[in-house]
There are 2 protein chains.
Amino acid sequence: MLHDPAQLDLMFQVLADPARRQMVDRLSRGPASVSQLAEPLAMSLSAVVQHLNLLEASGLVRTQKVGGVRTCQIEPKALRAAEHWINERRLSWERRLDRLGDFLAES
Amino acid sequence: MLHDPAQLDLMFQVLADPARRQMVDRLSRGPASVSQLAEPLAMSLSAVVQHLNLLEASGLVRTQKVGGVRTCQIEPKALRAAEHWINERRLSWERRLDRLGDFLAES
DNA sequence: GAAATAGTTAAGCGGATGATTCAGTATTGC
DNA sequence: GCAATACTGAATCATCCGCTTAACTATTTC
């Protein structure tokens, strides 16, 4: 399920927004409530919730509501999937360069 | 220069589009001309050039024109920067979880 | 040098995106 | 129970994006 292309699509789309990356950054340092997430951001709480919903839909963040407080945390597996996509492409290219180097060295 | 936030911003934005990721994917298997890049994509050549210009502006792809042919290749350093951003956040979170586990084990 | 190939640029259009406001719902603390 | 806190949802709006078409330039081939 982690390599579902649609999910990957969503994840990169979600990471493309600076505010959402800032939220991920904040969460990488520990769980936070919606208000805590919103605090450093120059936008309405409502806007933050909309971003948060996207983050959750993409699987990058998990949230749970206890009482009146919604607590958010990172889902590292999802981050790993995005990381993996990039890594694969980079390695593929670098292996190609290596083979090319070998070929040139032999000639 | 690789960790310039504006550049990182551009890179994630560029990776967010499926067509552009497909182009990166194609290039990870070797250099290609604009027409070759366009061939599997269901859009006009013009649209491909526009995507390509973004890819180049973000630093993810380098191109050089020889005669009438523009040849494109991946810039692995840039890919590494995006990879690195994700990796840092994921690790930060996972280290936190480890410390928490240690704490619970001790109690 | 004419035709074909390869790419570029500009204008414009429709739909997605990110934000705001405002009104509404729980839940907590006094 | 009432006020304050902590969100949530809907409507709206301006802007941005990705695409198309069309006109154009540069290069190669015959």
Side-chain angles (χ1 to χ4, degrees), chain A residues 5-27 30-75 82, chain B residues 5-27 30-75 82:
Chain A
Q7 195 74 359
L8 202 63
D9 232 69
L10 233 181
M11 241 169 2
F12 275 109
Q13 214 168 294
V14 158
L15 286 175
D17 186 89
R20 288 190 293 259
R21 279 211 311 288
Q22 204 178 326
M23 290 167 78
V24 169
D25 189 46
R26 164 64 187 82
L27 289 176
S33 70
V34 176
S35 317
Q36 286 172 330
L37 270 184
E39 194 263 322
L41 297 171
M43 67 179 72
S44 72
L45 191 64
S46 183
V48 172
V49 171
Q50 290 175 61
H51 282 305
L52 182 54
N53 289 340
L54 284 181
L55 280 163
E56 191 165 25
S58 76
L60 284 165
V61 165
R62 223 157 15 102
T63 78
Q64 63 198 86
K65 197 155 184 174
V66 176
V69 179
R70 181 170 170 198
T71 304
C72 314
Q73 49 182 260
I74 280 191
E75 185 54 73
Chain B
Q7 195 75 359
L8 202 62
D9 232 70
L10 234 181
M11 241 169 0
F12 275 109
Q13 216 167 289
V14 158
L15 285 175
D17 185 89
R20 288 192 292 260
R21 279 210 312 287
Q22 206 178 324
M23 290 168 77
V24 168
D25 191 45
R26 165 63 186 81
L27 289 176
S33 70
V34 176
S35 315
Q36 286 173 332
L37 270 184
E39 193 264 321
L41 298 171
M43 67 181 72
S44 72
L45 191 64
S46 179
V48 172
V49 170
Q50 289 173 59
H51 283 305
L52 183 54
N53 289 340
L54 284 180
L55 281 163
E56 192 166 26
S58 76
L60 284 165
V61 164
R62 222 156 15 101
T63 76
Q64 62 197 76
K65 197 155 184 175
V66 176
V69 179
R70 182 170 169 196
T71 304
C72 314
Q73 50 183 262
I74 280 192
E75 184 55 71

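Chain A is the first sequence line, chain B the second, and so forth, proteins listed ahead of strands; every chain is numbered from 1. Note that this is a predicted model, so its numbers are computed, not measured.
Mapping A:Met43 and A:Val69 onto DNA chain C by nearest heavy atom places A:Met43 at the nucleotide closer to the 5' end.
Rounded to whole Å, the distance from CG on A:Leu37 to P on D:dT5 is 19 Å. If you take CG of B:Asp9 and P of D:dC16, they are 14 Å apart, rounded to a whole angstrom. D:dT20 atom C1' lies 12 Å from atom NE2 of B:His51, rounded to whole Å. Between the C1' atom of C:dG18 and the CG atom of A:Asn53 lies a distance of 14 Å, rounded to the nearest Å. Between the P atom of C:dA19 and the CG atom of A:Leu52 lies a distance of 14 Å, rounded to the nearest Å. Nucleotide D:dT8 holds its C1' atom 9 Å from the CG atom of A:Leu45, rounded to whole Å. When the P atom of C:dA16 is taken as reference, atom CG of A:Leu54 falls 14 Å away, rounded to whole Å. When the P atom of D:dC7 is taken as reference, atom CG of A:Leu55 falls 15 Å away, rounded to whole Å.
Here B:Arg20 reaches the OP1 or OP2 of D:dG18: one of its side-chain N or O atoms lies under 4.0 Å away. OP1 or OP2 of D:dT8 lies within a sub-4.0 Å distance of a side-chain N or O belonging to A:Lys65. For A:Ser46, no side-chain nitrogen or oxygen approaches OP1 or OP2 of C:dT20 to under 4.0 Å. For D:dC17, one of the phosphate oxygens OP1 or OP2 lies less than 4.0 angstrom from a side-chain nitrogen or oxygen of B:Gln13.
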Might you work through the side-chain contact (heavy atoms from CB on, under 4.5 Å) test for A:Met23 and A:Val48, ending with a clear yes or no? CA-CA 9 Å; A:Met23 290 167 78; A:Val48 172; 3.8 Å; yes

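In this structure, the side chain of A:Arg21 engages the main chain of A:Leu15 through a donor-acceptor pair within 3.5 Å. Remark: the backbone N or O of A:Leu37 is not paired with any side-chain donor or acceptor of A:Arg26 at under 3.5 angstrom. Judged by distance alone, the side chain of B:Gln7 and the main-chain N or O of B:Ser58 form a donor-acceptor pair under 3.5 Å.
Which of D:dC7, C:dT8, C:dA19 sits closest to the side chain of A:Ala47 comes down to C:dA19.
Using a 4.0 Å heavy-atom cutoff across all strands shown, A:Ser44 reaches at least one base atom of the nucleic acid. Nucleic acid contact class of B:Asp17 (heavy atoms, under 4.0 Å, all strands): sugar-phosphate only.
A:Arg70 has a carboxylate O that lies under 4.0 Å from a charged side-chain N of A:Glu56, or vice versa, which qualifies the two as a salt bridge.
You'll find a donor-acceptor pair under 3.5 Å spanning the side chain of A:Gln50 and the base of C:dT20, going by distance alone.
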